[in-house]
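Convention: sequence-line order gives letters A, B, ...; per-chain numbering from 1.
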There are 2 protein chains.
Amino acid sequence: MPSSPDIEQTLRAAQLRVTRPRVAVLAAVHAHPHADTQSIIDDVRRDLGEVSHQAVYDVLQALTGAGLLRRIQPSGSVARYEARVADNHHHIVCRACGAVADVDCALGEVPCLTPAQHHGYTIDEAEVIYWGVCPSCSAAPIGAAGMQAHTPSMRVSPDEAQFP
Amino acid sequence: MPSSPDIEQTLRAAQLRVTRPRVAVLAAVHAHPHADTQSIIDDVRRDLGEVSHQAVYDVLQALTGAGLLRRIQPSGSVARYEARVADNHHHIVCRACGAVADVDCALGEVPCLTPAQHHGYTIDEAEVIYWGVCPSCSAAPIGAAGMQAHTPSMRVSPDEAQFP
DNA sequence: GGTCTGATCTGGAATCAGTCAAGTCTGGAG
DNA sequence: CTCCAGACTTGACTGATTCCAGATCAGACC
């Protein structure tokens, strides 16, 4: 996890001004990959005191636009952010609790960008989401029993994404 | 595209009661693959007159649960539905206009369910979204110029998903 | 260090997809 | 034809996200 000076360095390298909310947001995402916006807001406030949600949304958008963060949004979930942007990795999402885990790209470096047909589209990213059930939800089938057969639309509050 | 009796047959086969809203919703999705909820509501109302949005939401959920429809939701887009559920195909989404196109699964039948690591998860579905720019947006770079470098978060109103 | 300027932040309100709850209606089994 | 579980209507609500206008601030230049 990068230190505060590292984070400032990163921001400057991306031609972004260094502000306390930005540093805090970037630190929060580094600390809690796949965190949702509300968790990030909470974490930033724990760090800095009162910060408007608008500031956090703006910062997230700026950092995502600069390529410092990546936004992921599995069906039925709110937007989540992660700081691992260098590689083309994918995600496994638990249908029961919404927990997200990283997976390396199955096919190598920049690989899976060649679909069977491209319909004339210029492809620049392949986003793969594996849906399944995480180990802890498999172990506790009570909670998993009520889940939807297809895409889950319930409010997810995965252990992994909540801050302790 | 199935006729109205075909649709009723399909509903009965899925142990669902045949109601006018259900037939209309199923017909609308067959007619307009990748349509968003609002478009479906509009189409159903054009067909039946006043129908509550709640009814359409309920019907979409029931049909999705019964496996008659598949729900897809690319990041930054609203929920979309399609009636092609038999195979495990994927989608190409245009970053500029949000248009969606189908792609057959690159690896065969039920293939891409084996990620590089599974972290103990039990995988049952792999959802692949290719991000790129569609031919018409490539041809008209004016509109495409302002797009986000990463995931688009603007309100998409793709030609393909709107009804003519 | 002081000043300027454009980017950023604040606070509030608006928007919009989706959900909830309670009452009414109806398809289809008997 | 009757009945009733399931489907639909109505209306309000939630929660995520965006928009706006004015205040503040970081960084560059003097």
Side-chain angles (χ1 to χ4, degrees), chain A residues 7-9 11-26 35-42 44-45 47-66 71-81 98 148 151-157 161, chain B residues 7-9 11-26 35-42 44-45 47-66 71-81 98 148 151-157 161:
Chain A
I7 289 176
E8 293 183 14
Q9 183 72 33
L11 285 169
R12 282 184 222 281
Q15 316 246 312
L16 292 171
R17 287 188 187 173
V18 178
T19 67
R20 282 151 49 71
R22 287 180 173 191
V23 174
V25 165
L26 210 41
D36 60 86
T37 311
Q38 192 55 56
S39 299
I40 294 170
I41 291 175
D42 293 345
V44 168
R45 287 184 177 159
D47 191 8
L48 298 183
E50 192 52 37
V51 177
S52 69
H53 66 148
Q54 181 61 44
V56 177
Y57 274 106
D58 283 355
V59 168
L60 287 171
Q61 196 167 336
L63 297 183
T64 304
R71 175 188 166 119
I72 59 176
Q73 187 173 24
S75 293
S77 170
V78 298
R80 292 161 179 277
Y81 294 86
Q148 296 293 326
T151 37
S153 62
M154 74 286 185
R155 191 81 171 69
V156 290
S157 46
Chain B
I7 288 177
E8 294 184 15
Q9 184 72 33
L11 286 169
R12 282 184 222 280
Q15 316 247 312
L16 292 170
R17 285 192 189 171
V18 177
T19 66
R20 283 151 49 71
R22 287 180 174 189
V23 173
V25 166
L26 209 41
D36 60 87
T37 311
Q38 191 56 56
S39 301
I40 294 170
I41 291 174
D42 293 346
V44 168
R45 286 185 177 158
D47 191 9
L48 300 184
E50 192 52 35
V51 176
S52 66
H53 71 147
Q54 183 62 43
V56 177
Y57 275 106
D58 285 353
V59 168
L60 287 171
Q61 195 166 339
L63 297 183
T64 304
R71 175 189 164 118
I72 59 176
Q73 186 173 24
S75 293
S77 169
V78 298
R80 293 162 180 278
Y81 293 86
Q148 295 294 325
T151 36
S153 61
M154 74 288 187
R155 193 84 172 68
V156 291
S157 46

Below 3.5 Å is the cut-off: list the nitrogen or oxygen pairs between protein and nucleotides 1-3 of chain D, distance only.
none

Atom pair distance, as rounded to whole Å: [atom1] in [X] and [atom2] in [N]:
X: A:Leu11; N: D:dC25; atom1: CG; atom2: P; result: 19 Å
X: A:Glu8; N: D:dG27; atom1: CD; atom2: P; result: 9 Å
X: B:Leu60; N: D:dA7; atom1: CG; atom2: P; result: 14 Å
X: A:Asp42; N: D:dG15; atom1: CG; atom2: C1'; result: 14 Å
X: A:Tyr57; N: D:dT17; atom1: OH; atom2: P; result: 4 Å
X: A:Gln15; N: C:dA7; atom1: CD; atom2: P; result: 13 Å

Derivation and outcome, side-chain contact (heavy atoms from CB on, under 4.5 Å), residues A:Val51 and A:Val56: CA-CA 8 Å; A:Val51 177; A:Val56 177; 4.2 Å; yes
CD1-OH distance between B:Ile40 and B:Tyr81, expressed to the nearest 0.5 angstrom: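 So the gap between those two atoms works out to 7.0 Å.
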Distance, nearest 0.5 Å, that separates CG of A:Asp36 from CD1 of A:Ile41: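 A:Asp36 atom CG to A:Ile41 atom CD1 measures 9.0 Å (nearest 0.5 Å).
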Sugar-phosphate only, base, or nothing, as touched by A:Ala79 at under 4.0 Å among non-hydrogen atoms: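 It contacts sugar-phosphate atoms only.
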For [X], all residues meeting side-chain contact (heavy atoms from CB on, under 4.5 Å), sequence neighbours excluded:
X: B:Glu8; result: B:Ser4, B:Arg12, B:Val18, B:Val23
X: B:Gln54; result: B:Ser52, B:Asp58
X: A:Arg20; result: A:Leu48

N/O donor-acceptor pair, side chain B:Arg17 with base C:dA29, under 3.5 angstrom: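 No.
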From CA spacing to verdict: side-chain contact (heavy atoms from CB on, under 4.5 Å), A:Val78, A:Thr37: CA-CA 8 Å; A:Val78 298; A:Thr37 311; 5.9 Å; no
Contacts of type ring pair (Phe, Tyr, Trp, His ring centres under 6.0 Å), residue B:His53, not counting sequence neighbours: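 By the ring pair (Phe, Tyr, Trp, His ring centres under 6.0 Å) rule, B:His53 matches B:Tyr57.
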A:Ser39 and A:Asp42: side chain donor to acceptor below 3.5 Å: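 Note: A:Ser39 and A:Asp42 side chains miss the donor-acceptor criterion.
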Heavy-atom protein contacts under 4.0 Å, nucleotides 8-14 of chain D, coded B base, S sugar-phosphate only, - none: SBBB---
End-to-end axis angle, where each axis spans five pairs of the helix from C:dG1-D:dC30 to C:dG30-D:dC1, to 10°: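 The value is 30°.
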Closest heavy-atom pair and its distance - A:Gly76, B:Gln73: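 Looks like N-OE1, 3.1 Å.
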